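Taking it in order: structure first as structure tokens, then the write-up.
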Amino acid sequence: METENEIKERVSLLEVVLGEFIVQTNKSLNQLAREMKEFKDEMSEFKDEMSEFKDEMSEFKDEMSEFKDEMRLDRKEMNKKWGELANRLGTLAEDIAAPNMRTIAQQLFGCEYIDHFGVRIERRNIKARSIINEFDVVLACQDYLFINETKSRSDNVYIDQFTEKLALIFEYFPEHSGKTVVPVFSSLSLPEKTVAYLTEKNILAMAMGGETMELLNFDVLKSRWIK
């Protein structure tokens with residue numbers, strides 16, 4: 001059986017161990033508290049950074065939206081300018097073609113007097129009154145009716161549309177019925193395949209030469225009208 005001194009020594013030892021345990025526990029708790037505080041500070045900084053990032057992303061989205069709007073407006077303005085340029089090129093080609101129609105009529109077909117000459121003429125179809133067509137150049141003399149179609153660029157679709165228009169020409173110009181129709185398709189330039197297609201359709205091809213427009217398929221001229 002333990003003596004009183006032994007019990008006192010054991011209790012004293014337990015007190016020492018407990019004291020050390022408490023000290024170490026306090027140290028650990030203090031360390032944990034410091035680490036928790038550092039973690040909270042880091043999380044706070046992270047939240048601030050995320051908030052700044054969100055703000056930057058929001059600004060970026062706004063800038064992208066403004067950029068898209070500007071691009072849309074620029075594209076619309078560019079398309080408008082291209083359309084205006086295309087129209088000006090088409091008008092330019094018509095203005096060059098018109099005086100050459102007089103030359104063709106007078107020098108190649110012997111039209112001493114020109115009875116009618118007009119540029120960009122709109123006429124109503126006498127059989128289908130709701131239909132109105134535009135003709136780029138129309139020239140009439142005693143025996144011939146010259147019809148010119150001018151495009152800023154060549155395309156077989158335009159030629160086919162011109163052919164369809166020619167088939168009904170006297171429904172638009174009944175006062176010239178009985179005259180020989182001379183169709184002329186003109187552009188600033190015509191590739192060989194387009195000239196060949198016009199020749200196949202018995203349509204005169206006219207494009208820019210050295211200084212003015214010139215006929216490119218005299219074979220049609222000789223076989224159809226000039227003997």
Side-chain angles (χ1 to χ4, degrees), residues 75-123 132-170 172-173 176 179-227:
R75 191 181 303 113
K76 184 177 180 181
E77 184 66 24
M78 186 60 68
N79 290 338
K80 180 182 177 182
K81 289 181 178 178
W82 275 115
E84 291 173 352
L85 178 59
N87 291 334
R88 287 177 62 187
L89 284 175
T91 304
L92 174 64
E94 291 173 8
D95 293 339
I96 296 174
N100 285 277
M101 294 299 295
R102 287 181 178 272
T103 303
I104 291 172
Q106 293 171 338
Q107 295 184 5
L108 300 180
F109 287 83
C111 292
E112 184 178 0
Y113 300 105
I114 294 176
D115 300 320
H116 174 80
F117 179 81
V119 178
R120 292 185 282 276
I121 296 176
E122 288 187 355
R123 293 297 291 264
I132 296 176
N133 239 316
E134 183 176 298
F135 300 86
D136 295 332
V137 183
V138 178
L139 186 151
C141 61
Q142 183 176 355
D143 300 316
Y144 298 100
L145 177 63
F146 297 85
I147 304 295
N148 169 249
E149 182 84 0
T150 302
K151 296 296 181 183
S152 57
R153 62 184 182 87
S154 59
D155 192 306
N156 286 358
V157 173
Y158 295 145
I159 297 171
D160 292 337
Q161 292 172 349
F162 184 38
T163 302
E164 293 173 2
K165 191 187 295 187
L166 291 170
L168 304 174
I169 197 64
F170 293 120
Y172 294 95
F173 299 94
H176 297 297
K179 292 182 179 179
T180 300
V181 177
V182 182
V184 182
F185 186 91
S186 59
S187 185
L188 295 177
S189 65
L190 291 173
E192 291 184 4
K193 63 179 182 179
T194 303
V195 175
Y197 191 66
L198 287 165
T199 300
E200 180 186 327
K201 296 286 186 178
N202 290 314
I203 298 173
L204 292 175
M206 187 168 67
M208 285 299 298
E211 297 180 357
T212 185
M213 285 190 171
E214 300 174 353
L215 291 181
L216 304 179
N217 53 352
F218 275 92
D219 290 342
V220 174
L221 183 68
K222 295 177 180 178
S223 63
R224 292 282 294 175
W225 299 289
I226 308 298
K227 304 299 182 181

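Computed from a predicted model, the values in this text were never measured in an experiment.
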Practice task
Please name all residues satisfying salt bridge (charged side-chain N to carboxylate O under 4.0 Å, His left out) with Arg102, sequence neighbours left out, ordered by chain then number.
Solution key: none
With a 4.5 Å limit on heavy-atom distance, are the side chains of [X] and [Y] in contact?
{"X": "Arg123", "Y": "Phe173", "answer": "yes"}
{"X": "Leu145", "Y": "Val138", "answer": "yes"}
{"X": "Lys179", "Y": "Asp115", "answer": "yes"}
{"X": "Asp143", "Y": "Phe109", "answer": "no"}
{"X": "Ile132", "Y": "Tyr172", "answer": "no"}

Handout entry: Side-chain H-bond candidate by donor/acceptor type, Tyr197 with Asn156, under 3.5 Å
Key = no
Just verifying a value: how many Å separate [X] [atom1] and [Y] [atom2], rounded to the nearest 0.5 Å?
{"X": "Asp136", "Y": "Arg120", "atom1": "CG", "atom2": "CZ", "value": "8.0 Å"}
{"X": "Met101", "Y": "Met206", "atom1": "CE", "atom2": "CE", "value": "6.0 Å"}
{"X": "Glu134", "Y": "Glu149", "atom1": "CD", "atom2": "CD", "value": "9.0 Å"}
{"X": "Leu108", "Y": "Phe146", "atom1": "CG", "atom2": "CZ", "value": "8.5 Å"}
{"X": "Leu198", "Y": "Leu204", "atom1": "CG", "atom2": "CG", "value": "9.0 Å"}
{"X": "Thr103", "Y": "Glu214", "atom1": "OG1", "atom2": "CD", "value": "11.0 Å"}

Problem - Expected output: side-chain Lys201 to main-chain Asp160 donor-acceptor under 3.5 Å - result: no
Practice task
On the 0 to 90° scale, with breaks at 30° and 60°, tag the His176-His116 ring pair as parallel, tilted or perpendicular.
Solution key: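 Tilted, since the angle between the ring planes falls between 30° and 60°.
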Return all side-chain donor-acceptor pairs below 3.5 angstrom for residues 183-193, not counting sequence neighbours, or 'none' if the list is empty.
from   : atom 1 : to     : atom 2 : distance (Å)
Ser186 : OG     : Asn148 : ND2    : 3.1
Ser186 : OG     : Thr150 : OG1    : 2.7
Ser187 : OG     : Lys151 : O      : 2.8

Fill in the blank from the handout: Nearest heavy-atom contact between Cys141 and Tyr113 is CB-O, 3.3 Å
Completion exercise
Closest non-hydrogen contact found for Met213 with Asn100 is O-OD1, 3.0 Å
